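The model shown is predicted, which means the values in this text are computed figures rather than measured ones. For the numbers below, each heavy atom of this structure counts, side chains included, while hydrogens, waters and symmetry mates do not.
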Amino acid sequence: MIEFIRNNLLLVEIFIVTCLFLSYFFTEKKVHPVKRAINGLMLVFVFGVPIFFTSETRSVFEVNKMILLRFVSLAVLGLWVVKSLLVDYDKQEEDPAHQGKPYYSILGIKWYKTGLEIPLLFWLIVNVASTILSRNIYVSIIGAYDRWEGLITVFNYAFLVMVFAKQVDSIRFFYWMLFSFIFSASMSATYGIVQSNGIDFMRWSADATSRAFGSINNPVHYGPYVGMMICLAFGYMINIKNFQDSMSKWSFHSLYLFSFVLTIITFTAMFLSWGRGTWLGFQGALTFFLFFSGRSFIEDTKLRYYADIIMTTMIVGLTYIMFLFNVYQVLPLIAFVPIIMLVAGYAYLVIKNKGFWNLLERVHIIALTYIMQIISISLTHFFAYNILLLGIYLIHKLVYKENSVLLKNKLIFLLLICFGYIVASPSIKDFGIMFIYLGIMFLAYVVKLLPMFDTESISEIIVSPKTVNIITVIILVLISFYFVPKTTIYANNFGHKQLQLNVLNTAKGKIGSYSSEAIGDKSARMSMWKSGITWGLDNPILGTGVDTIKEVYPAYRRVEYARREGGHNLTPDRLHNEYVNTFAATGLLGVIGRYVLVIGFYLFMIIGYMYQNRSKPSLYLIAATFAGFVFYQGQVLFNFGVVATASFAYMLMGLGLAIGYYGFGNTVSDRFLEGKSE
């Protein structure tokens, strides 16, 4: 069987996505056939892109994913045109979801505005102009080997934003989409976990035992992919809690706990891929997800809401710059004076509007997410992490009480404990004590949330609720620990003084390299960034052409670059910073089009949707998509986008706008109401 899968992997993958497409098409018969086909193909997008790989193109993984993205996009576009002409043309009956919403009227077809039409159009026009004036127009159209992110791919990304914002327009399809995101990521994550333990049916490389790369081929990109999906499962876990009374007990607890386990799986896979950019992205994503989930921001007025988020972003960014990159060691007086002023202003704003305890909670959350990755350095950091988590719990327990969203979802605290434990487990000397510790915490948080069976409804077999709770806890603990990285290695080497813990060693090495290898005087990436800035300043309007980094880099390569890079990659195809990369390739107009207009308008709208839904269940789903987007934008400070990561960032943009526009997540899908408790 394994040999068959290895030799026919692409056919197996095509079979999986075909089954998904057909399942949706023949299940949702109330949907118009053309719309059904569009929706089914969008599910193929989500499920297929991460898992599509084959040994035939083992060194160029992007080819498989790009071909799938291209062909499915063309099919969706064609069907969308057909739907517009046959279904939407001169439609008299307006969908209730669109009532009162602004729209464009084009030849009798109503195009309801997403808010990104003009920004996307400007961005595309800039990229077309940059391509026409490119140093190599062919490369700018097709894209350079082996990322292929030329003009065609740029149009593809813009299309993804629109199709997800416009076509995810029903609650049932939304849940199909959400579960496709989560299950596909879980499949890829499970493969990465198994791979990291030296079991790989594809036999790619021994390097996977130090950094997993799953179905993405490169840990630098694999980590961000599974990382972006973590908050989706996390957000759904909080969202579904709001419908506990509207669902059967079995349905609710199955979905609630399953999302819990899948969140652990994806987090573990992200940890196993260990990258600096990945961790930066995740820390920022988790920080803001917890802030939004706990409703920490000022909600009195929309203006204060925006101002609070902007200032919090600055504080979080400064935290990482100061302490992770050791910037405070350079000109400390000049650095600290403006920072102290900013922190003082921030503290005043928060205390005045939300109170001292809210400020203290924010400090705890920022410190918690910051310290998470340095848990690998020593066990002391792990205990500090747990003390911070305990502090957050006590603030909610003693101050917020029944108003706390986090206390209504106590498994959040256990999930965060598991996050810390997964990072710490390879370095903990007494594994048995930690197993008991987590078991006790699991029991404390879960036992009251698991009335999985009602003894009054069981006529033939009488099961004690307490017994069921204990058995369930034991099973969940075992499942959780099965996915803890390298526990098998620890068990096999129990009692030995020296353990070959590659993941832990990789993590420690990466942590120590932030301020030296990443941005220090000997950093190859710093040399790239300096070249990119000079490059952009020499071509300030439209750059040298879309995706021309590899084409033009030799002209801007600095003398020290070869020595720092080690001489093995004298002409990189990316500058390992997507912001500098955009400036060099498409100039100032490219930066304005992409970051100021497209992303700027997206941020304005998505934060507005979160404000509108601040007291509704959909807040957690919008925040989850937003956190995934933040993850991507954080990790590209050190990395760059590829089809497997950038496409998902744009999908999440569109999905978040769809949730806010249609209000998904404020009601539960009808199919989960069967067996509703009276």
Side-chain angles (χ1 to χ4, degrees), residues 49-50 60-62 65-66 143-149 153 157 188 192 207 210-230 269-286 317 320-321 324-325 373 506-507 509-511 513-520 523-533 547 549-550 553 561 564-565 569 571-585 591 594-595 599 627-650 652:
V49 168
V60 195
F61 265 39
E62 293 307 303
K65 304 175 188 307
M66 183 185 65
Y145 175 88
D146 61 348
R147 309 299 176 191
W148 313 111
E149 290 201 312
T153 303
Y157 291 156
S188 184
D207 291 341
S210 60
R211 292 179 70 186
F213 55 75
S215 56
I216 307 296
N217 189 41
N218 190 327
V220 169
H221 306 302
Y222 176 66
Y225 160 64
V226 291
M228 282 191 287
M229 299 297 105
I230 290 173
M270 187 199 75
F271 167 69
L272 292 170
S273 69
W274 231 106
R276 288 178 292 261
T278 296
W279 271 103
L280 276 180
F282 177 71
Q283 287 172 290
L286 183 61
Y320 296 141
I321 291 172
L324 202 54
F325 300 109
Q373 68 168 300
T506 300
K510 292 288 183 179
I511 291 169
S513 67
Y514 270 110
S515 58
S516 56
E517 183 180 331
I519 61 171
S523 168
R525 292 184 182 182
M526 182 61 76
S527 180
M528 286 183 191
W529 301 346
K530 289 179 180 179
S531 295
I533 293 172
D547 211 22
I549 299 300
K550 199 168 188 176
Y553 187 79
Y561 175 74
R564 294 180 181 181
E565 187 63 29
N569 188 21
T571 309
D573 58 356
R574 290 292 184 277
L575 299 178
H576 283 270
N577 183 306
E578 201 157 279
Y579 305 96
V580 176
N581 205 98
T582 300
F583 181 49
V591 172
R594 184 175 189 177
Y595 295 110
I599 292 180
F629 176 80
V630 169
F631 193 121
Y632 178 82
Q633 297 302 328
Q635 65 95 19
V636 293
L637 282 167
F638 284 99
N639 299 328
F640 47 88
V642 295
V643 169
T645 56
S647 61
F648 275 86
Y650 290 108
L652 290 175

Does the [X] side chain pair with the main chain of [Y], one donor and one acceptor, at a distance under 3.5 Å?
X: Thr645; Y: Gly641; answer: no
X: Thr153; Y: Trp148; answer: yes
X: Tyr632; Y: Phe648; answer: no
X: Asp547; Y: Ala144; answer: yes
X: Arg574; Y: Asn581; answer: no
X: Asn577; Y: Leu637; answer: yes

**Report entry** Close side-chain approach of His221 and Val643, heavy atoms under 4.5 Å
**Finding:**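 Result no, sub-4.5 Å side-chain heavy-atom pair not found.
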
Report task. Answer whether the closest heavy-atom distance between the side chains of Trp279 and Met270 falls below 4.5 Å. Result ->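 A side-chain contact under 4.5 Å exists here.
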
Which heavy-atom pair separates [X] from [Y] by the least distance, and what is that distance?
X: Tyr222; Y: Ala269; result: OH-CB, 3.6 Å
X: Ile549; Y: Ala585; result: CD1-CB, 4.4 Å
X: Pro219; Y: Ser273; result: CB-O, 3.5 Å
X: Ala649; Y: Phe629; result: O-CD1, 4.1 Å
X: Ala285; Y: Ala627; result: CB-O, 3.1 Å
X: Lys550; Y: Thr571; result: O-CG2, 3.3 Å

Requested in this report: Quick one: do Thr278 and Phe631 satisfy side chain to side chain contact (heavy atoms under 4.5 Å, CB included)? Show the steps, please.
Outcome: CA-CA 8 Å; Thr278 296; Phe631 193 121; 3.9 Å; yes

Report task. Take Leu575 and Phe640 through the side chain to side chain contact (heavy atoms under 4.5 Å, CB included) test and state the conclusion after the steps. Result -> CA-CA 8 Å; Leu575 299 178; Phe640 47 88; over 6 Å; no

Atom [atom1] in [X], atom [atom2] in [Y]: separation rounded to 0.5 Å?
X: Tyr225; Y: Ser188; atom1: OH; atom2: OG; result: 5.5 Å
X: Phe282; Y: Gln635; atom1: CZ; atom2: CD; result: 14.0 Å
X: Ser647; Y: Met66; atom1: OG; atom2: CE; result: 12.0 Å

**Report entry** Audit row: Arg525, Asn639, side chain to side chain contact (heavy atoms under 4.5 Å, CB included) steps and yes/no
**Finding:** CA-CA 10 Å; Arg525 292 184 182 182; Asn639 299 328; 4.0 Å; yes

Query - Criterion side chain to side chain contact (heavy atoms under 4.5 Å, CB included) on Tyr553 and Met528, from CA distance to verdict - result: CA-CA 9 Å; Tyr553 187 79; Met528 286 183 191; 3.9 Å; yes

Query raised in the report: Between Tyr650 and Tyr157, how do the two ring planes meet: parallel, tilted or perpendicular, split at 30° and 60°?
Result: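 Parallel.
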
Requested in this report: For Gln633 and Tyr595, run side-chain hydrogen bond (donor to acceptor under 3.5 Å, both in side chains): C-alpha distance rounded to whole Å, both residues' side-chain angles, the deciding distance at 0.1 Å, then the answer.
Outcome: CA-CA 10 Å; Gln633 297 302 328; Tyr595 295 110; 4.9 Å; no

